[in-house]
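Inspection log for the structure reproduced underneath, given as structure tokens.
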Amino acid sequence: MPNIELQYFAQLQDEVGRAHERRHTSAPTAAALYDELRAAYGFALAPACMRVAINAAFAPWEQPLGEGDHVVFIPPVTGG
Amino acid sequence: MPNIELQYFAQLQDEVGRAHERRHTSAPTAAALYDELRAAYGFALAPACMRVAINAAFAPWEQPLGEGDHVVFIPPVTGG
Amino acid sequence: MADAPVDISALRRALMVPEAGGFCSFEGWVRETNEGQTVSGIDYNAFVPLALTEGQAIVQEVKQRFAICRATAMHRTGYLPVGETAVWIGVSAAHRDAAFSACRYIIDEIKQRVPIWKKEHYASGEVGWVPCHTL
Amino acid sequence: MADAPVDISALRRALMVPEAGGFCSFEGWVRETNEGQTVSGIDYNAFVPLALTEGQAIVQEVKQRFAICRATAMHRTGYLPVGETAVWIGVSAAHRDAAFSACRYIIDEIKQRVPIWKKEHYASGEVGWVPCHTL
């Protein structure tokens with residue numbers, strides 16, 4: 001099972017209660033990982049309104065995850 | 001014949017050779033006055049591309065002139 | 001209308017109100033080339049009383065037409081070398097759309113209506129009145 | 001991306017090139033009210049590495065899409081009280097149309113794509129993540 005580096009921002013960070021997490025997961029894709037985390041932490045946001053970044057670049061939800069990948073789920077942005 | 005206070009700007013000032021002029025004229029309107037000055041100084045600009053200000057406010061070309069009026073013919077503006 | 005450099009940061013500060021979330025400004029700078037000629041500076045000639053009246057009218061218009069908080073415009077007169085700020089416009093608004101639209105409106109109207117004329121001084125030593133706005 | 005106040009006049013100066021005749025800037029200020037609630041300040045949370053990449057991509061895009069000279073964007077992170085400048089964008093161009101269009105494009109894209117999130121602090125003592133842009 002790959003080791004994934006998770007970083008949380010905005011409301012996800014509040015829901016998890018921390019900004020970083022190292023997680024062993026069998027989730028094959030970013031989409032599956034979000035489902036797993038949503039079940040664990042009760043995230044309110046549906047993936048349809050979000051994006052995912054893998055290793056600090058936007059990536060498709062179906063991108064396979066590899067050992068040591070850094071994953072960030074991106075809630076709707078509100079900067080500016 | 002009314003006494004008119006003329007002030008010249010931009011290319012008109014160059015054509016007249018000065019910025020101010022006090023002129024006795026029988027021209028009944030601003031339009032007639034411009035024709036008179038154009039004949040005298042050879043202004044290149046046609047009135048169709050210009051506006052006129054009487055007493056520091058834009059005015060119709062056909063506005064009658066009165067004693068002591070301050071008249072400025074406004075070439076196409078190029079500020080900004 | 002100003003015949004000497006203006007403290008822009010003071011003009012900007014006067015537009016800051018707590019309800020404003022967006023601020024748009026435009027500056028016109030003296031450009032080095034125009035129509036293929038090298039410019040060393042521009043002499044701005046203005047009919048000041050009417051330029052002030054028209055400028056104030058334009059600012060009133062944007063306050064009626066757009067949902068803005070505050071707006072200011074400043075235009076220099078006299079000789080300005082390349083790189084100097086000839087015109088400054090600032091608009092604050094609750095939202096950015098009004099700030100951009102009002103700022104654009106002001107500069108467009110200044111270029112159409114305010115009695116100011118540019119005499120360009122060229123590197124060649126020649127001078128020339130800009131005939132009219134090309135853009 | 002800056003976690004402390006930035007010298008805006010230095011950013012502006014870096015956009016001054018002799019070919020530039022127009023300069024448009026946009027600033028986003030922390031506003032006192034949002035959706036009827038009184039705001040005391042906003043905490044900006046950013047995923048900095050990706051925010052930088054996206055910001056640079058947006059600036060590259062405007063250089064390709066619009067006839068501009070230079071463009072810069074700055075966004076603050078951390079807690080800012082009402083009235084502070086959270087975002088600053090500046091664009092210089094030969095002509096004003098490109099300057100306005102590029103400046104507007106940059107702020108619109110920042111609001112759409114750059115991973116930054118606002119947590120509003122209300123006068124009531126409550127805090128809340130802004131759910132999404134309403135305007």
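What you see is a predicted model; the values in this text were computed from it and never measured. All values below come from the heavy atoms of this structure, side chains included, with hydrogens, waters and symmetry mates left out. Chain letters run A, B, ... following the sequence lines, proteins first and then strands; every chain starts at 1.
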Contact summary for C:Trp29 and D:Ser92, nearest pair of heavy atoms = CZ3-CB, 3.8 Å
What heavy-atom pair brings C:Arg31 and D:Glu19 nearest, and what distance separates the two atoms?
-> CD-O, 3.1 Å
Check whether any side-chain heavy atom of [X] sits under 4.5 Å from a side-chain heavy atom of [Y], and report yes or no.
{"X": "C:Arg104", "Y": "D:Asp97", "value": "yes"}
{"X": "D:Phe100", "Y": "C:Ile107", "value": "yes"}
{"X": "D:Cys24", "Y": "C:Cys24", "value": "yes"}

What distance do C:Arg96 atom CZ and D:Cys103 atom SG have between them, rounded to the nearest 0.5 Å?
-> 11.0 Å
One should read off an interatomic distance between C:Glu27 CD and D:Leu15 CG, to the nearest 0.5 angstrom, of 10.0 Å
Would you mind telling me which of C:Ile89, C:Val87, C:Asp108 has the largest number of heavy-atom pairs within less than 4.5 Å of chain D?
-> C:Asp108
When only pairs under 4.5 Å are counted, which of D:Gly83, D:Ala99, D:Ala94 shares the most heavy-atom pairs with chain C?
-> D:Ala94
Pick one of side chain, backbone, both or neither for C:Ser9, based on which atoms fall under 4.5 Å of a heavy atom in chain D.
-> neither
